[in-house]
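Right, one structure below, let's go through it.
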Amino acid sequence: MARAYRYISSDAHLEIGPDRWRDRVPEKFRDRAPRLIQLEDGGDAILVESSPLLPRFAHNAGVPFEQWGPDIHTRFEDSPGAGPPAQRLREQDRDGVDAEIIFAGVGGQAMWGNIGSEDVYNAVVRAYNDFLAEDYMPADRDRLLCMGLIPNRGVKEAMAELERCAKLGFKGVCLSGYPAARGLPSPEDDPFWEAALAVNMPVTIHTEFRGTPGRGDRGERGYNLARRISTYGVKGGPIAAALAVHGVFERFPTLQIFIAENQICWIPGFLQQMDLLHSRHRYFHERLQGLKPIELPPSQYVREHISWGFMDDQFGVSVRHHIGVNRVMWSTDFPHDPSDWPHSMDTVAREFAGVPEDEKQMMVCGNAVEFFHLDVLPAAQGAQQRVAQTV
């Protein structure tokens with residue numbers, strides 16, 4: 001159904017316990033599926049095969065900075081961003097957000113990759129997607145825009161779930177690795193890209209791929225603050241560059257990919273340096289890896305095929321023309337640390353001060369509408385709809 005949108009968060013998370021969807025896993029695999037555990041302090045935790053126990057720590061939405069910490073264990077049912085869809089819609093209203101692109105939570109796709117059995121892993125992914133499509137999104141499919149998960153166990157399995165996600169009505173899918181489950185893009189991925197284009201399915205990557213070197217903010221002695229505060233610019237950049245230099249966008253000139261939650265302030269320098277370094281290093285790597293030369297500078301492929309998500313990034317907004325105003329999407333990252341919920345509109349006012357209204361609207365709404373193929377009401381009807389919602 002067509003809807004009036006003003007603010008769309010291009011990156012948010014569903015932080016729910018596996019008890020909400022675990023019964024959808026076939027009974028023969030259920031004892032190996034993720035499960036909810038209650039800690040001695042009363043908080044919740046998620047247990048995933050071959051993974052350390054993950055406490056449900058406060059994701060800090062609405063919590064003062066000085067109270068943050070990994071030792072604050074909470075329950076899903078008491079937390080913002082972790083409740084049923086009706087709660088989520090109220091949280092959007094409170095924050096002034098009309099819709100969210102919703103990715104899995106911390107205890108989701110990345111940890112599930114540790115499940116040893118391919119059959120169990122694929123069943124878990126399917127169960128979660130079924131829950132989203134049948135139990136969560138139907139509350140309001142125009143506002144709860146969940147991304148279907150694509151399994152990372154080979155291109156055949158990835159394509160099968162892509163086709164299921166299209167039939168289930170997802171507005172996009174999220175990769176946790178290259179479709180053929182290799183460390184770099186390869187021609188084996190091509191059937192997936194072709195299939196995604198054939199069903200007109202938007203493809204997203206949340207931040208980075210599972211198993212990226214240096215992922216996370218923990219060092220040998222625990223939490224690494226230095227790693228945490230220098231996190232952006234080392235995640236999505238290598239993926240975008242790899243897709244460019246391995247010729248993916250030459251083979252699929254209409255393919256578009258959205259890489260969420262990377263901030264954008266670093267991208268102009270990245271684009272400049274990738275061309276400089278490519279001009280120096282390409283010959284050696286073409287001989288070493290058997291790479292075929294690409295026709296254009298790699299930055300041009302990135303500019304034309306990659307969109308980026310950002311949160312509170314005033315400098316990034318100020319250099320938007322060096323990236324492309326049509327290539328960046330604002331988000332809240334609710335309910336994670338970068339979120340300013342329930343005061344996101346204050347952040348928007350500060351972040352976009354002095355930005356022309358048409359450019360602001362592209363970044364906070366229009367680019368997401370276009371990328372995810374959302375139905376939008378004409379302006380007059382949209383105004384009437386908003387008035388009706390407030391009555």
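Both backbone and side-chain heavy atoms feed into the values below; hydrogens, waters and symmetry mates do not.
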Side chains of [X] and [Y] in contact at under 4.5 Å (non-hydrogen atoms):
{"X": "Val317", "Y": "Lys360", "answer": "no"}
{"X": "Ile115", "Y": "Val124", "answer": "yes"}
{"X": "Arg20", "Y": "Tyr136", "answer": "yes"}
{"X": "Met137", "Y": "Lys171", "answer": "no"}
{"X": "Met147", "Y": "Ile102", "answer": "no"}
{"X": "Ile294", "Y": "Pro298", "answer": "yes"}
{"X": "Val364", "Y": "Met329", "answer": "no"}
{"X": "Asp142", "Y": "Leu374", "answer": "no"}

Heavy-atom donor-acceptor pair, [X] side chain to [Y] backbone, under 3.5 Å:
{"X": "Thr204", "Y": "Phe258", "result": "no"}
{"X": "Asn114", "Y": "Glu49", "result": "no"}
{"X": "Gln263", "Y": "Met311", "result": "yes"}
{"X": "Asp11", "Y": "Ala260", "result": "no"}
{"X": "Gln314", "Y": "Arg350", "result": "yes"}
{"X": "Asp189", "Y": "Pro187", "result": "no"}
{"X": "Arg143", "Y": "Asp98", "result": "yes"}
{"X": "Asp44", "Y": "Phe76", "result": "yes"}
{"X": "Arg30", "Y": "Val25", "result": "yes"}
{"X": "Tyr301", "Y": "Leu296", "result": "yes"}

Nearest 0.5 Å, what's the [atom1]-[atom2] distance between [X] and [Y]?
{"X": "Leu184", "Y": "His246", "atom1": "CG", "atom2": "NE2", "result": "4.5 Å"}
{"X": "Asp312", "Y": "Ser339", "atom1": "CG", "atom2": "OG", "result": "10.5 Å"}
{"X": "Ile259", "Y": "Ser10", "atom1": "CD1", "atom2": "OG", "result": "12.5 Å"}
{"X": "Asp333", "Y": "Glu100", "atom1": "CG", "atom2": "CD", "result": "10.5 Å"}
{"X": "Ile46", "Y": "Ile37", "atom1": "CD1", "atom2": "CD1", "result": "10.0 Å"}
{"X": "Leu39", "Y": "Leu53", "atom1": "CG", "atom2": "CG", "result": "6.0 Å"}

With a 3.5 Å cut-off and no angle check, do the side chains of [X] and [Y] form a donor-acceptor pair?
{"X": "Asn326", "Y": "Asn367", "answer": "no"}
{"X": "Gln256", "Y": "Arg327", "answer": "yes"}
{"X": "His336", "Y": "Glu15", "answer": "yes"}

Parallel, tilted or perpendicular: which describes the rings of Phe352 and Phe310, with under 30° parallel and over 60° perpendicular? tilted
On the 0 to 90° scale, with breaks at 30° and 60°, tag the His206-Phe103 ring pair as parallel, tilted or perpendicular.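 Ring orientation of His206 relative to Phe103: tilted.
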Above 12 or not: heavy atoms from other molecules or residues under 6.0 Å from [atom1] of [X]?
{"X": "Glu66", "atom1": "CD", "result": "yes"}
{"X": "Glu359", "atom1": "CD", "result": "yes"}
{"X": "Glu304", "atom1": "CD", "result": "yes"}

Would Arg251 and Trp193 count as a cation-pi pair here, with the cationic atom under 6.0 angstrom from the ring centre and within 45° of the axis?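 No, Arg251 does not sit over the ring of Trp193.
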Distance under 6.0 Å and angle within 45° of ring axis: Arg24 vs Phe131: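 That pair does not qualify as a cation-pi contact.
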Tell me whether [X] shares a hydrophobic cluster with [Y], the cluster being built from Ile, Leu, Val, Met, Phe, Trp, Tyr side chains joined at under 4.5 Å.
{"X": "Leu197", "Y": "Met159", "answer": "yes"}
{"X": "Phe249", "Y": "Phe270", "answer": "yes"}
{"X": "Val325", "Y": "Ile267", "answer": "yes"}
{"X": "Phe334", "Y": "Ile8", "answer": "no"}
{"X": "Leu145", "Y": "Trp341", "answer": "no"}

Do you know which two heavy atoms are closest between [X] and [Y], and how far apart they sit?
{"X": "Ala180", "Y": "Glu188", "answer": "CB-CB, 3.7 Å"}
{"X": "Asn262", "Y": "Gly236", "answer": "OD1-N, 2.8 Å"}
{"X": "Pro179", "Y": "Ala158", "answer": "O-CB, 4.0 Å"}

Charged N to carboxylate O below 4.0 Å: is that the case for [X] and [Y]?
{"X": "Glu261", "Y": "Lys235", "value": "no"}
{"X": "Glu161", "Y": "Arg164", "value": "yes"}
{"X": "Arg282", "Y": "Glu286", "value": "yes"}

Among Phe170, Trp112, Tyr121, ring pair (Phe, Tyr, Trp, His ring centres under 6.0 Å) partner for Tyr128: Trp112
